[in-house]
Amino acid sequence: MPLALLALAIGAFGIGTTEFVIMGLLPEVAADYGVTIPTAGFLVTGYALGVVLGAPLMTVLGTRVPRKRMLMLLMGLFIAGNVLSALAPAFGVMLAGRVVASLAHGAFFGIGSVVAAGLVAPEKKAGAIAMMFTGLTVANVVGVPLGTLVGQTAGWRLTFLIVAALGVLGLLGIARLVPELPRPEGVRIRHELAAFRNVQVLLAMAMTVLGFGGVFAAITYITPMMTNVAGFADTSVTWLLVLFGLGMVAGNLIGGRFADRALMPMLYVSLGALAVVLAAFTLTAHTKAGAAVTVVLIGALGFATVPPLQKRVLDQAAGAPTLASAVNIGAFNLGNALAAWLGGLVIAAGLGWTAPNWVGAALAASALVLALVSGALERRTAGTHPAGVGGSSVGGSGGPAVAAPAAGAVPAHR
């Protein structure tokens, strides 16, 4: 794997840290600004909505900018947002800083996925995407716990200044290591929008919303579930989240490796297993050992879907993949928000702290159904049009669909 992927992973590490570290610092932030913790929760919601809206907005604005330069501009925006958050004199200013930082999130991962895929041979694309996303998963193992510790002991403002410094490191890495990537000729907004007329692109995005949403239906309420049901102490939740992060790292790498070999079978297995494990969590959550093991499995199976889903969108939107790739990143955050809301509804209905696990299982099972539908449509298309006809070469066994004109989907620099 080229060193340029390391620069992308560093940027992803910073973005992953700033996205999740706020959850452990809400009490400190709320106390500093004199607001309630639910009010401080808008810092989480605002960031998620900023990702959903910023992904297509920033990508559209960057269609006329070379991809390397756009990645550098996005890291600059990320740095500015975190510095603003760290120095904010009032809660409203900090919320604005969070939104500014979030605007870089979706476009960075969307454009970064296209760049990462273009740096390697076609049969290694998913692995390259997974390497970039490793920065995001490692952030949950290292960045978030350390950032929370720093924030609780030395002040939350220092945490965000450190995150901004990570952004500077990522910016320098991109400037130094990522090759100059000319803007693809002939790509216009209408070409990027045309990808959304492809039913396979829409199915992949729906799988993203439902599949990853299943993970966050359970993980959003992990603290009350583990303390009230499993019997863990409050201080143990941090280590459970580290276990979740370790599962994410492993699942991301495994998903990238096997998606390059058999993309659709990888999705079938990971989504099906995720649904089963989430359903089982309603039982295993009652014991400490069972809960700990299940948390790791949820992280692993949930993130095993990320590289294949992102590659699926890139393949199916071949020729103009950048906007679709960025919107799919927004779909992950949309799934998080939807699942958290549904999980809260079943808890509020008095169904118990483990009820969100059933919601997660249902969402993951729904994603599996869509994956099976997508595979069936792909096989039908393969039977109707021989490989190479109609612009795509499709594996009849439901394997990865790599578009024939895939070279157009990435800069011609190899």
Side-chain angles (χ1 to χ4, degrees), residues 4-22 43-88 93-116 129 132-140 143-144 147 159-175 177-178 181 192 306 310 322-334 336-337:
L5 294 177
L6 176 61
L8 296 176
I10 292 172
F13 180 86
I15 291 174
T17 300
T18 205
E19 178 181 17
F20 295 110
V21 76
I22 188 62
L43 298 173
V44 179
T45 305
Y47 188 95
L49 292 177
V51 175
V52 173
L53 297 176
L57 174 64
M58 300 306 297
T59 303
V60 167
L61 291 176
T63 52
R64 296 184 179 277
V65 180
R67 285 168 177 158
K68 175 178 178 176
R69 187 181 304 169
M70 189 61 193
L71 287 172
M72 295 173 64
L73 290 173
L74 290 170
M75 288 309 300
L77 191 64
F78 170 80
I79 294 165
N82 280 284
V83 170
L84 181 60
S85 295
L87 303 179
V93 179
M94 186 185 183
L95 179 59
R98 291 285 292 168
V99 172
V100 169
S102 72
L103 293 176
H105 185 127
F108 180 86
F109 281 107
I111 296 172
S113 294
V114 177
V115 171
I129 294 170
M132 181 188 69
F133 273 92
T134 296
L136 178 63
T137 58
V138 171
N140 284 273
V144 173
T159 295
F160 285 97
L161 286 175
I162 292 173
V163 171
L166 288 173
V168 173
L169 187 60
L171 173 60
L172 294 175
I174 292 170
L177 299 176
V178 175
L181 307 173
E192 297 282 349
V306 175
Q310 195 69 4
T322 310
L323 181 60
S325 176
V327 170
N328 197 49
I329 299 299
F332 283 106
N333 284 267
L334 180 60
N336 297 351

Test item: M132 and F109 side chains (from C-beta on) under 4.5 Å apart, heavy atoms:
yes
Can you name the nearest heavy-atom pair linking S113 to F133, along with the distance?
OG-CE1, 3.8 Å
Could you walk me through whether F160 and I22 pass the side-chain contact (heavy atoms from CB on, under 4.5 Å) check?
CA-CA 9 Å; F160 285 97; I22 188 62; 4.0 Å; yes
Stepwise side-chain contact (heavy atoms from CB on, under 4.5 Å) check, I329 with Q310
CA-CA 8 Å; I329 299 299; Q310 195 69 4; 3.7 Å; yes
Here the gap from I10 atom CD1 to I174 atom CD1, rounded to the nearest 0.5 Å, amounts to 9.0 Å
Any chance you could measure E19, atom CD, to L136, atom CG, to the nearest 0.5 Å?
6.5 Å
Do V306 and F332 make a side-chain contact, defined as non-hydrogen atoms from C-beta onward lying under 4.5 Å apart?
yes
Taking the side chain as everything from C-beta on, heavy atoms only, tell me whether L166 gets closer than 4.5 Å to T18.
no
Looking only at heavy atoms, what is the nearest atom pair of L103 and G50, with distance?
CD2-O, 3.8 Å
The single option from L77, V51, N333 that satisfies side chain to side chain contact (heavy atoms under 4.5 Å, CB included) with S102 is V51
What distance do M75 atom CE and L8 atom CG have between them, rounded to the nearest 0.5 Å?
10.0 Å
Working note: T17 + T159, criterion side-chain contact (heavy atoms from CB on, under 4.5 Å); need CA distance, chi angles, decisive distance, verdict.
CA-CA 10 Å; T17 300; T159 295; 5.8 Å; no
Under the rule for side chain to side chain contact (heavy atoms under 4.5 Å, CB included), what residues qualify as partners of L84, not counting sequence neighbours?
V93
Check M70 against I111 and note the closest heavy-atom contact, atom names and distance.
CG-CD1, 3.6 Å
State which residues pass side chain to side chain contact (heavy atoms under 4.5 Å, CB included) with V168; sequence neighbours excluded, sorted by chain then number.
I79, L172
For the residue pair G330 and A55, what are the closest heavy atoms and their distance?
N-CB, 4.4 Å
Does anything in residues 51-81 form a ring-ring contact (aromatic ring centres under 6.0 Å, His included)? List the pairs, not counting sequence neighbours.
none
Distance col, row R98:CZ vs L49:CG, nearest 0.5 angstrom, shows 12.0 Å
Can you label the angle between the Y47 ring and the H105 ring as parallel, tilted or perpendicular, going by 30° and 60°?
perpendicular
Between atom CZ of R67 and atom CG of L74, what is the distance when rounded to the nearest 0.5 Å?
13.0 Å
To the nearest 0.5 Å, how far apart are CG in L5 and OG1 in T134?
9.5 Å
